[in-house]
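Quick note on labels: first sequence line is chain A, next is B, and so on, each numbered from 1.
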Amino acid sequence: MTFQNELINWYLINKRDLPWRHTKDSYTIWLSEIILQQTRVEQGLPYFNTFLENFPSVSDFASATEAQVLNLWQGLGYYSRGRNMHATAQLVVNNYNGTFPTLHDDLIKLKGIGEYTAAAISSFSSGEARAVVDGNVFRVLARYFGINTAINTPEGKKQFFKLANELLFREDSALYNQAIMEFGAIQCKPKSPKCSICPLNIDCFAYRNNVVNQLPVKLAKAEKKNRYFNYFILTEGDKILVRERKKRDIWQHLYDFPCIETEMLLDGNDLDFVESVKNIFGNNAEITFVSYKKHLLTHQIINVQFFSLKNYIFNSSKHEELNWVSLNTLDELPKPNVIRNFIEENF
DNA sequence: AAGACGGGGAG
DNA sequence: CTCCCAGTCTT
């Protein structure tokens, strides 16, 4: 038997009885799909019922205030879903005369509806031949066909999407889409899948090769290193003290301010910190916290703190990388964004 | 291409 | 504690 028929047979026997499976109404299906994004059925189900009770139609939804919507959404997480739904409901009332779209190309334009949800709603409501690709589908395909391309890369997404659409059972896309997702959710589960009683295990690559728990492959996001830059703003008339970054590090040949890098986030009263500051800028130096910014780079998180310094003593001959420049000159110098923004906000 | 967004359940 | 869930949007 084909992969598709096996899945559908399994589904017809094992499917759960869920309320959104009894309708082809695109509004109701939309409700369920948004609620179920990154959300377990058991957690989303009560919310689905509440929303349908409060807003039986898309115009009821659109008439509500955003606060009412978010109140019902409370506790479900990812609150932008609720806000997007409200905006979409109003757009559907205004631009689609209150008839919720059923076609992929209309759906994909709506706020909160991405590739997965557009495929799901169009397939379930109008039978359009669009394959859903969600976390379940990634897992089932990766295991059954032995695909080890990482699912969280562009190549992986492309490959799985292509395969999913080739496999799509076009005679009944809704049935097939439901089947593969349900199969992933309760049979081919992430942890402890029920392989021994799986009707597809004979042809399952992962089962035959004993690599079920190694698929799908998901690339771990590289651990970003946290760094803590403490900058000092020293001014003298219209001059400001800047540093040219010469070391083998980020932002080479760009300019920033005098800086002490620390192992963790400090406050201006930390004794070791004050000590090292006074070491450079004299014992009378007064440190005042100005602002904090988190600056994100590809492989690093730079926690930037700015401090202004008064009553300092500074011997420029000891620090050749530091120079006084006028604010006008500073404007011309190449600087990292976080420095550029600070200057814009403070000078 | 990588992060942010969230709460809950399973192991 | 980590992983992951019927993903999408923003930077």
Side-chain angles (χ1 to χ4, degrees), chain A residues 7 11 15-16 18-21 26 28-48 70 73-88 107-125 130-142 150-158 160-161 164 173-194 213-226 293-302 337-338 341:
Chain A
L7 279 182
Y11 176 71
K15 67 177 175 181
R16 291 167 291 184
L18 301 172
W20 47 84
R21 289 188 177 149
S26 56
T28 308
I29 292 167
W30 167 69
L31 224 45
S32 73
E33 288 302 337
I34 303 295
I35 288 173
L36 291 172
Q37 285 169 2
Q38 295 292 285
T39 305
R40 279 165 222 284
V41 165
E42 310 83 73
Q43 190 191 359
L45 185 52
Y47 285 86
F48 171 79
L70 290 178
W73 199 272
Q74 205 165 10
L76 194 54
Y78 282 140
Y79 294 91
S80 63
R81 289 184 291 174
R83 292 197 302 277
N84 285 151
M85 281 185 107
H86 190 232
T88 288
L107 293 162
I108 195 71
K109 296 174 188 162
L110 302 175
K111 275 190 184 174
I113 297 184
E115 267 316 318
Y116 162 76
T117 306
I121 299 176
S122 66
S123 142
F124 298 156
S125 66
R130 300 276 181 171
V132 294
V133 184
D134 71 341
N136 292 308
V137 175
F138 277 120
R139 186 169 55 255
V140 172
L141 297 184
I151 63 173
N152 56 343
T153 61
E155 313 88 86
K157 293 230 165 68
K158 213 161 149 189
F160 280 91
F161 199 83
S173 66
L175 179 62
Y176 170 77
N177 279 335
Q178 290 283 11
I180 191 168
M181 287 195 289
E182 186 77 335
F183 180 76
I186 66 181
Q187 172 80 24
C188 194
K189 298 184 293 182
K191 301 279 172 64
S192 51
K194 306 182 200 170
N213 53 14
Q214 296 167 44
L215 292 173
V217 173
K218 194 170 183 180
L219 249 43
K221 46 184 174 184
E223 192 71 16
K224 285 196 175 182
K225 195 189 171 192
N226 260 296
K293 267 278 194 300
K294 186 178 224 176
H295 189 70
L296 302 173
L297 277 55
T298 312
H299 300 296
Q300 305 182 19
I301 302 169
I302 314 292
N337 266 331
V338 64
N341 293 336

Side chain of Met181(A) - closest among dC9(C), dC4(C), dA6(C): dA6(C)
How would you label the contact of Gly75(A) with the nucleic acid (heavy atoms, under 4.0 Å): base, sugar-phosphate, or nothing? sugar-phosphate
Can we call the ring centroids of Phe48(A) and Trp20(A) under 6.0 Å apart? yes
Using a heavy-atom cut-off of under 4.0 Å over every strand shown, decide if Ile113(A) touches base, sugar-phosphate, or nothing. sugar-phosphate
Could you state the atom-to-atom distance from CD of Glu33(A) to C1' of dC5(C) in whole Å? 13 Å
For Ser192(A), answer base if it contacts any base atom (sugar-phosphate contacts may also be present), sugar-phosphate if it contacts only those atoms, and nothing otherwise; contact means non-hydrogen atoms under 4.0 Å. sugar-phosphate
Would you please confirm or rule out a distance under 4.0 Å between OP1 or OP2 of dA6(C) and any side-chain N or O of Thr39(A)? no
What does Glu115(A) touch in the nucleic acid at a heavy-atom separation under 4.0 angstrom: a base, only the sugar-phosphate, or nothing? sugar-phosphate
P atom, dG6(B) versus dT11(C): distance in rounded Å? 15 Å
Which sits closer to the 5' end of DNA chain C, Val41(A) or Lys111(A), going by the nucleotide each is nearest to? Val41(A)
Counting heavy atoms not belonging to Glu155(A), are there more than 12 under 6.0 Å from its CD? yes
Nucleotide of dA6(C), dC5(C), dG11(B) approaching Gln38(A) most closely (side-chain heavy atoms): dC5(C)
Heavy-atom nearest nucleotide on DNA chain C for Gln37(A) versus Arg139(A): which residue maps closer to 5'? Arg139(A)
How long is the span from the CD atom in Gln38(A) to the OH atom in Tyr78(A), to the nearest 0.5 Å? 5.5 Å
To the nearest angstrom, the CG-P distance between Asn136(A) and dC5(C) comes to 7 Å
When you measure from the side chain of Tyr116(A), which nucleotide among dT8(C), dG6(B), dC5(C) comes out closest? dT8(C)
Quick note, Lys191(A) side chain, CB onward, closest among dC3(C), dC5(C), dA6(C) is dC3(C)
Measure the shortest side-chain to side-chain distance between Thr39(A) and Arg81(A) over non-hydrogen atoms and say whether it is less than 4.5 angstrom. yes
dG3(B) to dA6(C) separation - C1' atoms, rounded to the nearest Å: 22 Å
Counting any heavy atom closer than 4.0 Å, what does Trp73(A) reach on the DNA or RNA strands: base, sugar-phosphate only, or nothing? nothing
With a non-hydrogen cut-off below 4.0 angstrom, is Gln74(A) in contact with a base, only sugar-phosphate, or nothing? nothing
Go through it in stages, so that I can follow the logic: the residues are Ile113(A) and Ile34(A), the test is side-chain contact (heavy atoms from CB on, under 4.5 Å), and I'd like the CA-CA distance, side-chain angles, deciding distance and then a yes or no. CA-CA 8 Å; Ile113(A) 297 184; Ile34(A) 303 295; 4.3 Å; yes
N/O donor-acceptor pair, side chain Arg40(A) with base dC4(C), under 3.5 angstrom: yes
Specify the separation, in whole Å, of atom CD1 of Ile29(A) and atom P of dA6(C). 18 Å
What's Ser32(A) touching, base or sugar-phosphate or nothing? Going by heavy atoms closer than 4.0 Å. nothing
What's the CD1-C1' distance between Ile108(A) and dC9(C), to the nearest Å? 12 Å
Rounded to whole angstrom units, what separation is found between the CD atom of Gln43(A) and the P atom of dC4(C)? 17 Å
Side chain to side chain contact (heavy atoms under 4.5 Å, CB included) with Asn136(A): which of Asp134(A), Val132(A), Val133(A)? Asp134(A)
Measure the distance from NZ on Lys157(A) to P on dA2(B) and round it to the nearest whole Å. 10 Å
